[in-house]
Every structure is written in structure tokens, then in C-alpha cells.
A.B. asks: 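To start, I am sharing the structure in question, which I have written as C-alpha cells.
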Amino acid sequence: MTEIVIWLLAFAFILFFSFTRWEASVSPGLDKILPRVIKHDDDNRIVWSLSLAILGATTLVRPVDMLMIAILLGIGVLIARKLACWGLNKADFH
């Protein structure tokens, strides 16, 4: 029960601050990080704020789980890239 309350409080605070400080800090920060394909519009302000709040609250409550997911995703991407390079080397494009 305590974990849920902490998660809800963290979610509410992060959502509030990311939504109110959108123009000053969140929007320029996302512009620096994101590739051009998924740049945000002002219409996506609530979507980005919600996603940042969910990720931030989950990271605060269960940091080891989030680290494990990041490591597993990194390993998966590394394996996929190696397999794609191997497949492209084996493919005959003639």
C-alpha cells in the first residue's frame, strides 16, 4: 500500500511540474534529445507529460526494475544489430 501511495504522489508531482514548466524546461530538453522524426508538437504536451510522469514515478519507486529493463533492452538492441549486420553481409543483392 505504501508503494502505491509513493508512486501516486511521485506521479502527481512529476506530472504537475512537467506540465507547468513545459515551455521553460521540458520542451527545450526534449528538443535536444529526440530525433527529428518524433519531435513533439504543442498538441502532444499532455502525452509527453504523462509518459514522463509514469517513467519518473516508476523509476523512483522501483529503480532496480527499471535498470534491469534498460539493460535487457540494450542487450536486445545489440543482438538485433549484430544479427542485422550478419544478415546483410550474407545477403546477395545482385
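Predicted, not measured: the structure shown is a model, and the values here were computed from it.
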A.B. asks: Side chain to side chain contact (heavy atoms under 4.5 Å, CB included) with Leu50: which residues, sequence neighbours excluded?
C.D. replies: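 Side chain to side chain contact (heavy atoms under 4.5 Å, CB included) list for Leu50, sorted by chain: Phe11, Leu15, Ile46.
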A.B. asks: With sequence neighbours left out, write down each residue that passes side chain to side chain contact (heavy atoms under 4.5 Å, CB included) with Thr58, or none if nothing qualifies.
C.D. replies: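 With sequence neighbours excluded, Thr58 shows a side chain to side chain contact (heavy atoms under 4.5 Å, CB included) to Trp7, Ile54, Met66, given in chain and number order.
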A.B. asks: Quick one: list whatever passes side chain to side chain contact (heavy atoms under 4.5 Å, CB included) with Ser51, sequence neighbours left out.
C.D. replies: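 With sequence neighbours excluded, Ser51 shows a side chain to side chain contact (heavy atoms under 4.5 Å, CB included) to Trp48, given in chain and number order.
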A.B. asks: Is a donor on one side and an acceptor on the other found under 3.5 Å between the side chain of Arg45 and the backbone of Phe19?
C.D. replies: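 Judged by distance alone, yes, a pair lies under 3.5 Å.
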A.B. asks: Suppose clustering is done on Ile, Leu, Val, Met, Phe, Trp and Tyr with side-chain heavy atoms closer than 4.5 Å. Which residues sit in the same group as Leu67?
C.D. replies: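 Same cluster as Leu67: Ile71, Ile75, Ile79, Leu83.
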A.B. asks: Please write out which residues are connected to Trp86 in a hydrophobic cluster, directly or through intermediates, given that two of Ile, Leu, Val, Met, Phe, Trp, Tyr count as joined at side-chain heavy-atom separations below 4.5 angstrom.
C.D. replies: none
A.B. asks: Identify, with sequence neighbours excluded, every residue that meets side chain to side chain contact (heavy atoms under 4.5 Å, CB included) alongside Leu60.
C.D. replies: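 Here the qualifying residues are Ala10, Ile14.
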A.B. asks: Atom CG in Leu52, atom CZ in Phe17: separation rounded to 0.5 Å?
C.D. replies: 14.5 Å
A.B. asks: When hydrophobic residues are tied together by side-chain contacts of less than 4.5 Å, even through go-betweens, does Phe13 share a cluster with Phe16?
C.D. replies: yes
